[in-house]
Amino acid sequence: MQEISKTYNAADWEDRLYKQWEESGYFNPDNLIEDGVIAPDAEPFSIVLPPPNVTGNLHIGHASMLAIEDIMVRYNRMQGKRTLWLPGADHAAIATQSKVEGILHKETGLTKHDLGREAFLKKVEDFAQSSHDTIAHQVRKMGSSIDWSREAYTLDENRNLSVRKAFKQMYDDGIIYRGDRIVNWDPKMQTTVSDDEIERKEEKTKFYYFQYGPFVISTARPETKFGDKHVVVHPSDNRYKQYAHGQQIELEWINGPITATILKDEAIDMEFGSGAMTITPWHDAIDFDIAQRHGLSKEQIIDFDGKLLPIAREFAGMDIHEAREKIVEKLQAKSLVVKIEDDYIHNIAINSRGGGIIEPQIKRQWFIDVNKTFVRDGKEVSLKQLMQTAVRSGGVEIIPERFKRTYFHWIDNLRDWCISRQIWYGHRIPVWYRGEEIYCGTKAPEGAGWEQDSDTLDTWFSSGLWTFSTLGWGFDEEKWQREKIYHPTSVLETGYDILFFWVARMILMSEYFLGEVPFKKAYLHGLVRDEQGRKMSKSLGNIIDPLDIIPEHGADALRLSLVIGSTPGNDIKLGAEKIVSFHNFTNKLWNIGRYVMTQSEATDTAPKAITAADHFICLRLDSVVNEVTRHLEQYNFSIAGETLRDFTWNEFADWYVEIHKIQKNDAVLRYVFETLLKLWHPFMPFVTEALWRQLRGEGVPLLMIEKWPKDIAHTTHFSGDIAAGFGHGTQPLITAVRNIRATYHIDPVKKVTITLIAPDSDFLTSQVGIIQKLARVEAIHILKEGADAPSQCAYVLIRDIKLYVHLEGILDVEKEKIRLQKELEQTKNYTLRIETQLGNQNFVSQAPEAIILKNKEELKKAQNKAKEIESHLANLL
RNA sequence: GGAUGAUUAGCUCAGUUGGUUAGAGCACCUCGUUUACACCGAGGGGGUCACUGGUUCGAGUCCAGUAUCAUCCACCA
């Protein structure tokens, strides 16, 4: 037996073990089949890694995502499924370009235009590559059992082919169109931004009231008002009923007299300001809609750099922020200013991807029409409807369910998706122009003189295809045919913050191109926050970097602290203390292992005899196996982990191991511990694998591919009557039946049979109907007092009625044991037999007192009075 | 303005279709170093489950309202 360190030193093991796993090839399901670890026709289980942006390092949120996904993947692999976890990275077009522009400017003072498209793109690619390498390293550090052989990038050659195929198909179907529409223009980054990428920030500003002919209009942005020649009021606003819709008036405005037209439109809020407003259709989405409704012309006031156009006359060429005060001065000189408020709170729109203040502009862009209908399975549907149906029908189950509402609400308000961006880093739009000719295809058209559209696609267009573009769709038909067994993927695990950006768009794309959902379940995890619940950010200095934690505490401790205490859709708070406590736990497990190793040999598989304590721990283990399995199936990772921790520490280590010191049963000790290692493996892959190798020797198969424990080695038989001890004489019958149901975990839908023994049968007869209905009782037998109690029953006393519930075959062993413990002193007329199968032998125990011995009290005695306990236990055999 | 969630021990949180005396980890107090572990063990204190009503034999759990906090969506020209 080799010397084993007293404490677990994660750093000594982790890299070595990861290398061993990787070299085994078992992260790749093909190898699992080839080596006979799983059956060739095994059920697939697949997850795509939400591709991290190549904008830098992974943060703690990524670590949490990796931990949860690795639990699912390792668990399902051990369940014998054909398990694939497919990695990749996202080019994050606008975010990455913006980041590199920033670095470039800081380091050299140059802009991307100084370098030119090609040279700048080279820089971005270099940056992306180095980010990618960092990320891949970090993903490994977390212990992620990912199939690196299938790694993909949203902007690599293959994905480009998928994107082109997708674009062309949508273009040919008329789903993608080009149009002049109002878009969110970022003058700083010189690109459009989608509605979802906009962040709003409160700003205190001045608010101006101007005289506009007979009307008073208000605005926070006087600089947009040059071209306003329509004043709009609500149709039912009595203040303006003397004016007719379409009526023209002459008035004095910023640059002289103009003719304005009065419009009546219900979009106006009568309560706000004077209830009258002028519109600037080119620079405001609502004004644009009003103008569209009334067929008005639109005029651009501000150029794409944020400067005023010639319509502003002497202000032309001026930056809009500078111009504002000057325009107001001019209006003041003309006595057109009615009032100026100073503390007006108003929201400004900002490009959340590191850009500037959004200026709405009308621009020719590419859009995906979400409302256009097409024929699918003989029915007219739109993309919106496809997205709705996928979730409504249960094809995609969202966990937690409440996000369904958010999802539907978002779709209801969804407008056409602007997919073109005026940035360089991304998939070029596969459209070519030659004069008036336009060509869309997966390859450049033949012939000279064609020029490709200079815009690129929104990054979410390519990530929307991710579940199938990674499996060969669009670039390798043979691969796709082979691998589409993994589609739809089993589950998508990602943050709720990208429900709209990504989750919804994947559903859109997959439904459109494949006619199926991209994943069967969407598990949405929360954000990781600091101890005080604040977002982690550089400026607050509260960032926990996974790479700082892992060397000191180990990846396992980090994983546990991110999983335990975390429920889907809720943010989790993480502090150093929590990590330390799980570090202590990994060490605890390590030391239990040390004890097991010094006490037993790998050959200890069959026990010579079984004591009551052995039975008890085996029974408990079985119940833990069942609970943990159930929780994992239901995505309750936190509860699964807690159940395991409580059992491992409080029952196995503190109780059974102590008993083992007095009364050794090495086979049972080993059996329980090795089963625990398997159960813990998905949560803590490193320390469990390290212990496994030490317990079994280096040459053995990896714990990673061991079979998940599920064998129920224990059966229980109860016979005789069991007294139920609640609410004697105080509660009505229904309550009693419900109590028994709850106590024995009887399925509420399941009907039971009850027997009542009472002196007053008339009273009972009158109650039969209601009891049957409310307590879901199949049959009620009423017996006269003095009749014999039926067997296989629990009974309860209610006043002077004895109620018996027939329990054959539906007793819950756990609950029953606990209850038995309490009832022990009062009732003696039962027997309890437990059979335990270990190694090919059956062991039978008929010693109920031992099963219900008061664990820790007995243990204390055992420690203090070893002799006494020894004889006590000996008597039980 | 609309929506969603949270409110349980000093702190962080469990509590899954309503059911015996509301749990855990950390922190705190007492005792103990007995060969797996002091990164430990034994024991203990501490909760009007935010508030007010309602439904029920029974409510932390279900319903209505209130308060505080958080997040998302829409935004007023």
Side-chain angles (χ1 to χ4, degrees), chain A residues 4 6-8 195-196 200 207 217-221 224-225 228 232 267-269 271-280 284-287 290 344 346-347 349 400 402-403 405-406 409-410 412-413 496-497 499-500 526-527 529 531-533 553 557 564-567 569-575 577-578 580-599 630-631 634 636 638-639 642-643 645-646 649-650 653-654 657-658 661 724-727 730-736 738-743 747-749 818-819 822 856-857 859-860 863-864 866:
Chain A
I4 309 150
K6 256 180 133 169
T7 51
Y8 171 60
D195 292 345
D196 300 305
R200 285 173 198 275
F207 195 59
I217 59 142
S218 47
T219 182
R221 302 197 57 197
T224 63
K225 297 281 146 198
D228 290 11
V232 194
I268 298 299
D269 177 3
E271 305 296 312
F272 189 84
S274 61
M277 76 169 192
T278 60
I279 56 168
T280 315
D284 186 286
I286 291 186
D287 296 2
I290 294 173
Y344 182 68
H346 127 125
N347 288 316
R402 67 185 143 92
F403 280 97
R405 289 183 66 119
T406 325
H409 185 253
W410 178 79
D412 290 343
N413 295 311
Y496 63 77
D497 51 330
L499 178 64
F500 307 138
L527 271 37
R529 294 167 179 278
E531 285 160 298
Q532 291 156 50
H553 299 291
I564 293 184
S566 148
T567 46
N570 294 324
D571 295 349
I572 62 162
K573 290 176 192 163
L574 180 69
E577 251 177 36
K578 192 173 178 188
V580 169
S581 78
F582 284 111
H583 180 175
N584 292 349
F585 179 70
T586 56
N587 195 55
K588 184 75 186 177
L589 191 70
W590 178 259
N591 272 293
I592 299 170
R594 249 164 51 99
Y595 179 80
V596 173
M597 266 174 260
T598 57
Q599 295 294 322
R630 197 180 77 237
H631 290 315
Q634 294 172 353
N636 291 325
S638 180
I639 302 179
E642 282 173 72
T643 306
R645 183 194 51 191
D646 293 347
W649 204 319
N650 301 334
D654 291 350
V657 167
E658 294 303 323
K661 289 175 184 171
F726 11 50
T730 57
Q731 291 175 327
L733 293 166
I734 297 162
T735 307
R738 287 184 181 175
N739 278 344
I740 291 176
R741 270 185 190 286
T743 307
D747 185 337
V749 187
I818 294 160
R819 231 177 48 69
K822 287 185 176 171
K856 291 186 177 175
E857 285 145 56
L859 172 63
K860 194 178 174 186
Q863 286 173 321
N864 296 338

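A quick note: this is a predicted structure, and the numbers were derived from the prediction, not measured. Naming: A, B, ... by sequence-line order, numbering from 1 per chain.
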What's the gap between [N] and [M] when it is taken at their [atom1] atoms, as a whole Å value?
N      : M      : atom1 : value
B:rU21 : B:rC11 : P     : 27 Å
B:rA67 : B:rC31 : C1'   : 46 Å
B:rU55 : B:rA9  : P     : 28 Å
B:rA36 : B:rG41 : C1'   : 12 Å
B:rG45 : B:rG10 : P     : 15 Å
B:rU52 : B:rU68 : C1'   : 15 Å
B:rU61 : B:rU56 : P     : 16 Å
B:rG65 : B:rA3  : P     : 11 Å

At under 4.0 Å between heavy atoms, what does [X] touch on the DNA or RNA strands: base, sugar-phosphate, or nothing?
X        : value
A:Val580 : nothing
A:Ile286 : sugar-phosphate
A:Thr567 : sugar-phosphate
A:Thr7   : base
A:Lys6   : sugar-phosphate
A:Arg221 : nothing

**OP:** Mind calculating the distance between CG (A:Asn650) and C1' (B:rC40) to the nearest angstrom?
**Re:**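 Between C1' of B:rC40 and CG of A:Asn650: 13 Å.
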Subject >> Pairwise side-chain contact, A:Leu527 with A:Asp497, heavy-atom cut-off 4.5 Å (strictly under) >> reply: yes
Return no unless some side-chain N or O of [X] is found under 4.0 Å from OP1 or OP2 of [N].
X        : N      : result
A:Lys588 : B:rA38 : no
A:Trp590 : B:rC39 : no
A:Asn636 : B:rU16 : no
A:Arg405 : B:rA3  : no
A:Lys573 : B:rC13 : yes
A:Arg594 : B:rC37 : yes

Original post:
When you measure from the side chain of A:Asp269, which nucleotide among B:rC76, B:rC26, B:rA3 comes out closest?
Top reply: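 For A:Asp269, the side-chain atoms sit closest to B:rC76.
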**OP:** Decide yes or no, distance alone: a donor-acceptor N/O pair under 3.5 angstrom between the base of B:rC75 and the side-chain of A:Asn347.
**Re:** yes
**OP:** Return the nucleotide paired to B:rU12: Watson-Crick means purine N1 to pyrimidine N3 with N6-O4 or O6-N4, wobble means G-U with N1-O2 and O6-N3, both under 3.5 Å.
**Re:**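 Checking every strand shown, B:rU12 finds its partner in B:rA24, with both distances under 3.5 Å.
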Original post:
Roughly how far apart are A:Ile592 CD1 and A:Met597 CE, rounded to 0.5 Å?
Top reply: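 It is 11.0 Å, given to the nearest 0.5 Å.
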